[in-house]
Amino acid sequence: RINNTLAVDTNFVYAIINTQTENGLTNRGVIKKVGRMAGVIKVINSSYAFIGNTLILSNWKNEFNTIAFDKIELLVVLDERNITINKILIHDGKMFPDVDIESLVLLDRDYFKDKTSAYCDGQLIPNAQASSFELVSDDYSRDSENVFFKTTQLSGVVAKDFRYDYATNIGTDGTSTFKDGKLVTR
């Protein structure tokens, strides 16, 4: 094993996932394998590793991904899901070359923004104003003018008044009420 989610032998690299049975036992199973790359193995964290100049990811969000680089000049580990290589953001094993690393802010495990854009779960949030973008809850966010459920803009909502109640799982601006991003009352 390389780390908690990756293993290698002379021929293959394996992504391993742990699942819980009904009686609480842990099952470990191979979910994917690819031919082994040439090079030295270097563990980055519990999700990422290098073999030579190939980045390998296996985690609960993106079961398996590889990205080959011509050359690795700079590696920065931001957290278990986010790293930068050569000043390019890698989020859950996917490259985001247009994200400005100098202004990057990781808001939580699923949200990040830079000076021009905001993202949820690796997807661009259309029409989000990065300068005023903030989280309201795990699924709701807002900027100075708009409210979003994940990546969907909610229409007719007053952003400055929008609140989320964790006890009821209801978001409201006092006029429009939403549950799971769906309008309940207006």
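For L6 against A49, the heavy-atom pair with the smallest separation is CD1-CB, 4.0 Å. Across all their heavy atoms, T151 and P126 have their closest contact at O-CD, 3.6 Å. Between V8 and R36 the shortest heavy-atom distance is CB-NE, 4.1 Å. When all heavy atoms of A159 and E145 are compared, the closest pair comes out as CB-C, 3.7 Å.
Linking ILVMFWY residues whenever their side-chain heavy atoms come closer than 4.5 Å, directly or via other members, places L106 and L74 in the same cluster. Hydrophobic cluster membership differs between V76 and V105, with clusters built from Ile, Leu, Val, Met, Phe, Trp and Tyr side chains linked at under 4.5 angstrom. Criterion: ILVMFWY side-chain heavy atoms under 4.5 Å apart, direct or through other members. Under it, I83 and F96 are not part of a common hydrophobic cluster. Both M95 and I72 sit in one connected hydrophobic cluster of ILVMFWY residues. Membership requires side-chain heavy atoms under 4.5 Å apart, directly or through other members.
Ring geometry for Y14 versus F12: interplanar angle of 30 to 60°, hence tilted. Between F112 and H91, the two ring planes are tilted [angle within 30° to 60°].
In the displayed structure, K179 atom NZ is contacted under 6.0 Å by more than 12 heavy atoms of other residues, nucleotides or ligands.
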Check your understanding: Given the rule in the side chain to side chain donor-acceptor pair (under 3.5 Å) test, do Y119 and D114 qualify, once you have shown the distances and angles that lead to the verdict?
Key -> CA-CA 9 Å; Y119 298 82; D114 67 5; 5.1 Å; no

Practice item. Test side chain to side chain donor-acceptor pair (under 3.5 Å) on D121 and Y111 and set out the steps. Key: CA-CA 6 Å; D121 206 20; Y111 288 86; over 6 Å; no

Exercise for review: Any chance you could lay out the side-chain contact (heavy atoms from CB on, under 4.5 Å) test for T5 and F64, step after step, and finish with the verdict?
Suggested key: CA-CA 9 Å; T5 60; F64 194 72; over 6 Å; no

Exercise for review: Step by step, work out the side-chain contact (heavy atoms from CB on, under 4.5 Å) result for S176 and L183.
Suggested key: CA-CA 7 Å; S176 300; L183 183 64; 4.0 Å; yes

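Considering only heavy atoms from C-beta on, L104 comes within 4.5 Å of L78 through its side chain. At a threshold of 4.5 Å between non-hydrogen side-chain atoms, the residues E102 and K87 count as touching. With contacts defined as side-chain heavy-atom distances shorter than 4.5 Å, the pair K42/L75 qualifies.
V147 pairs in a side chain to side chain contact (heavy atoms under 4.5 Å, CB included) with only one of the listed residues (T152, L154, D161), which is L154. For the side chain to side chain contact (heavy atoms under 4.5 Å, CB included) criterion with Y48, the lone passing option out of I90, I56, V77, I2 is I90. Tested against V13, the residues I41, T66, I51 include a single side chain to side chain contact (heavy atoms under 4.5 Å, CB included) partner, I51.
Here the straight-line distance linking atom CZ of R81 with atom CG of D110 works out to 5.0 Å at 0.5 Å rounding. Going from atom CD1 of I44 over to atom CD1 of I85 covers 5.5 Å, rounded to the nearest 0.5 Å. From I88, atom CD1 reaches atom CG of D98 across 9.5 Å, with rounding to the nearest 0.5 Å. Separating the CD1 atom in I101 from the CG atom in L89 is a distance of 5.0 Å, to the nearest 0.5 Å. Here the straight-line distance linking atom CD of Q153 with atom CD1 of I125 works out to 10.5 Å at 0.5 Å rounding. Interatomic distance, CG of N53 versus CG of D70, reported as 8.0 Å (0.5 Å rounding).
Remark: side-chain polar atoms of D100 are not paired, donor with acceptor, to backbone N or O of T116 under 3.5 angstrom. Although no hydrogens or angles enter the test, the distance criterion places a donor-acceptor pair under 3.5 Å between the side chain of N3 and the main chain of N45. The main-chain N or O of A167 is found under 3.5 Å from a side-chain atom of D165 such that the two form a donor-acceptor pair.
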Just distance, no hydrogens or angles: give the donor-acceptor pairs under 3.5 Å from side chains in residues 130-138, sequence neighbours left out.
residue: S132; atom: OG; partner: S144; partner atom: N; Å: 2.8
residue: S132; atom: OG; partner: S144; partner atom: OG; Å: 3.4
residue: E134; atom: OE2; partner: R142; partner atom: NE; Å: 2.6
residue: E134; atom: OE2; partner: R142; partner atom: NH2; Å: 3.0
residue: S137; atom: OG; partner: D139; partner atom: N; Å: 3.3
residue: S137; atom: OG; partner: Y140; partner atom: N; Å: 3.1

